[in-house]
Amino acid sequence: MAKKKPKRWSRDVTRSSNALDLEPGVFSWDDPKRIALSLKGSADDSDRRKTTPFASAMSMLNFYINRAGKKLPPARRKILEGAKEELRELYGKPRRQRS
């Protein structure tokens with residue numbers, strides 16, 4: 001009996017999202033502003049998304065963070081959370097209040 005190949009649906013979503021054409025390696029970059037600018041550009045240019053460019057870009061970023069879960073190193077999480085703040089700024093949305 002053949003071994004079952006593990007499903008990698010979340011990786012496939014990140015690599016080949018139907019809504020956004022992401023730059024390769026965008027979530028591995030070390031500059032939050034660069035990540036945010038890339039996501040913004042992808043979202044603004046897409047004619048396949050079903051929501052606003054801001055929501056689409058933020059959803060993809062949150063998807064990546066949530067799928068990584070506890071395996072996401074704190075330093076990487078900080079960079080990606082910074083990218084969320086940069087996205088808010090780029091779209092003129094209020095920054096999240098720190099508690």
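Both backbone and side-chain heavy atoms feed into the values below; hydrogens, waters and symmetry mates do not.
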Checklist entry - What pairs with Ser38 under side-chain hydrogen bond (donor to acceptor under 3.5 Å, both in side chains), at least two apart in sequence or on another chain? => result Glu23
Checklist entry - Transitively linked via ILVMFWY side-chain contacts under 4.5 Å: Leu61 with Phe54? => result yes
Checklist entry - Who are the side-chain hydrogen bond (donor to acceptor under 3.5 Å, both in side chains) partners of Arg77, not counting sequence neighbours? => result none
Checklist outcome for this item: Sequence neighbours excluded, the answer for side-chain contact (heavy atoms from CB on, under 4.5 Å) partners of Pro53 is Ala43, Asp44, Arg49, Tyr91
Item to check | Cluster overlap Ile79 with Leu37, hydrophobic side-chain contacts below 4.5 Å | outcome: no
Anything under 3.5 Å between a donor and an acceptor, one on a side chain of residues 24-33, the other on a protein residue two or more places apart or in another chain? List them.
| from | atom 1 | to | atom 2 | distance (Å) |
| --- | --- | --- | --- | --- |
| Ser28 | OG | Gly25 | O | 2.6 |
| Trp29 | NE1 | Gly25 | O | 3.3 |
| Asp30 | OD1 | Arg76 | NH2 | 2.9 |
| Asp31 | OD1 | Lys33 | N | 3.2 |

Next on the checklist: Is there a continuous path of hydrophobic side-chain contacts, each under 4.5 Å between heavy atoms, that joins Ile65 to Leu22?
Outcome noted: yes
Checklist entry - Is it true that Met58 and Leu90 fall in one hydrophobic cluster, defined by side-chain heavy atoms closer than 4.5 Å? => result no
Checklist entry - Are the side chains of Asp45 and Asp21 in touch, meaning some heavy atoms are under 4.5 Å apart? => result no
Checklist entry - Going through the distances and angles, do Lys84 and Glu81 end up as a salt bridge (charged side-chain N to carboxylate O under 4.0 Å, His left out)? => result CA-CA 5 Å; Lys84 287 165 68 171; Glu81 290 294 335; 3.4 Å; yes
Checklist entry - How many angstroms lie between NZ in Lys93 and OG1 in Thr52, if you round to the nearest 0.5 Å? => result 6.0 Å
Checklist outcome for this item: Ala68 meets the side-chain contact (heavy atoms from CB on, under 4.5 Å) criterion, sequence neighbours left out, with Leu72
Item to check | Arg34: partners by salt bridge (charged side-chain N to carboxylate O under 4.0 Å, His left out), with sequence neighbours left out | outcome: none
